[in-house]
*Asks:* 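The structure follows.
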Amino acid sequence: MKSTRQIIRQFICDNFIVSDDDFTDTDSMLDKQIIDSTGILELVAFLEEEFGIHIADEEMVPENLDTVSRICAFLACKCPDRVDQLDVVTIG
Amino acid sequence: MKRCQNCILPETFPGIRFNEAGVCNYCQAYKGNDYMEGRRAEIRAEFERLAQSFRGRGSYDCLVAYSGGKDSTYLLHMLRREYAMRVLALTMDNGFLSPQAEINMQRVTKALGIDWVVVRPRSEMLEAIFKRSLQGPLFASKSAQRGSFICMSCIGLIKFLSLRYAIELNIPFLAFGWSPGQLGYRAALMKNTPAMIRSMQRATYEPLYNVAGEEVRPFFLEERHFQAADSFPYSVAPLVFTDYNEQEILPTIERLGWERPTDTDANSSNCLLNALANQAHKQRFNYHPYDFELAQLVREGRLSRDEALARIMAEENAVIVRRVAEQLHLP
């Protein structure tokens, strides 16, 4: 079974056509030009469907979505029963 | 070239994989029209609720980024006639509008009774940006799947210029004529927030600033805009959550006086630069910048596969490409 972190990294690699070596969990994906402005919204759609959540407009901020570790931390708050807490502890 | 048997995506498209039946991973992941329609209906209902609640609060209900192409023309019609919104149209003239597109915009805005602002940036700035866009990637590599780098540069300017106008004029909605192939349903309605826009703007502004310097500043938000959080509009792409179908769009806008330009390429109904941009993209990446958009329209049954293939295969008009290249002072 894949961890939350692995699921997110896999989506980013598949959807934004980057290698797993191209970015760390703490790299800003916007600053590193991995995700463009439209891509952020694709990421939001993926997270909502994959984790069964609704991300409110005010939650669509870089503090929640700009790095893999921030996404993991955001999901841990948003749906603690759905995510692997170890991810957050390890990389958060 | 091998292409998906269901949509049109080619084997050269980034990240593509085919199953034994020759169907691509994008088609395999597609959740079906019923699912999509359900999600779109939710967004449409939310937009209608918001539109009602904001109606009449300011001078305009909606700012439309108006290119003069068929989609944004239909969008003007829809918002004005179907939603009875007070619309301000904003056009950024990139210097390469088809003469017919200019005639179309004058006719349509007059027929619909819409106020219309045209911004004409200095040609030197645009020329520098477009030439640099031809040389190689300016933005995230993912952007190349959505369109040519010339288009991405031009649209980047238009998006933030429109947002700046909407904030300054306190207009609650900023509408774009994205087709369902150009934008996912989740992005069809969203409230812009200063924090997110600041990040998004940085990803567009910095590459363009590196090319054209201070001249790009008037097209982006400044600190005073970010402080006006209450004036940040919703971004909305109504064609994504309506029954988008070209066969129905064209007769509607033709009744407003719109005529398809004969000098643009098969995938544009307003911009002459698009042909050169497409050609450069195909040479660089070996797939068409419209592959992704048209593939999604085919997947959703909004465009026939044959028609999509015909557009992808159509050669650019060499005369127009040469004329545009000369205007850009390309060697």
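Keep in mind the model is a prediction, meaning the values are calculated, not measured. Each chain gets a letter, A, B and so on, in the order its sequence line appears, and its residues count up from 1.
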*Asks:* Counting only heavy atoms closer than 4.5 Å, note whether Gln145(B) contacts chain A via side chain, backbone, both or neither.
*Replies:* side chain
*Asks:* Is Leu183(B) in contact with chain A via its backbone, its side chain, both, or neither, using a 4.5 Å heavy-atom distance?
*Replies:* side chain
*Asks:* What pairs with Asp61(B) under side-chain hydrogen bond (donor to acceptor under 3.5 Å, both in side chains), at least two apart in sequence or on another chain?
*Replies:* Arg86(B)
*Asks:* Picking from Pro137(B), Pro14(B), Pro194(B), which has the most non-hydrogen pairs under 4.5 angstrom with chain A?
*Replies:* Pro14(B)
*Asks:* Counting only non-hydrogen atoms closer than 4.5 Å, can you tell me which residues of residues 35-51 of chain B sit against chain A?
*Replies:* Tyr35(B), Arg39(B)
*Asks:* Tell me the salt bridge (charged side-chain N to carboxylate O under 4.0 Å, His left out) pairs involving residues 189-203 of chain B, sequence neighbours left out?
*Replies:* Asp31(A)-Arg202(B), Arg198(B)-Glu223(B)
*Asks:* Can you tell which of Arg146(B), Met152(B), Lys31(B) has the highest number of heavy-atom pairs within less than 4.5 Å of chain A?
*Replies:* Arg146(B)
*Asks:* Might you confirm whether atom CZ of Arg217(B) has over 12 heavy atoms from other residues, nucleotides or ligands at distances under 6.0 Å?
*Replies:* no
*Asks:* Roughly how far apart are Ser199(B) OG and Ile35(A) CD1, rounded to 0.5 Å?
*Replies:* 11.5 Å
*Asks:* Could you tell me which non-hydrogen atom of Met196(B) sits nearest to which non-hydrogen atom of Leu65(A), and how far apart they are?
*Replies:* CE-CD1, 3.8 Å
*Asks:* Please list, chain by chain and in numerical order, all residues satisfying side-chain hydrogen bond (donor to acceptor under 3.5 Å, both in side chains) with Ser148(B), sequence neighbours excluded.
*Replies:* none
*Asks:* Report which part of Ile155(B) has an atom under 4.5 Å of a heavy atom belonging to chain A: side chain, backbone, both, or neither.
*Replies:* neither
*Asks:* Do you know which of Asn64(A), Asn15(A), Val44(A) has the most heavy-atom pairs under 4.5 Å to chain B?
*Replies:* Asn15(A)
*Asks:* With only heavy atoms counted, which part of Ile40(A) is less than 4.5 Å from chain B, the side chain, the backbone, both or neither?
*Replies:* side chain
*Asks:* Between chain B and each of Gln33(A), Glu42(A), Glu63(A), count heavy-atom pairs under 4.5 Å; write down the option with the most.
*Replies:* Gln33(A)
*Asks:* Are there over 12 heavy-atom neighbours, none belonging to Asp230(B), within less than 6.0 Å of that residue's CG?
*Replies:* no
*Asks:* Determine the minimum heavy-atom distance between Thr193(B) and Asp57(A), stating which atoms define it.
*Replies:* CG2-O, 3.7 Å
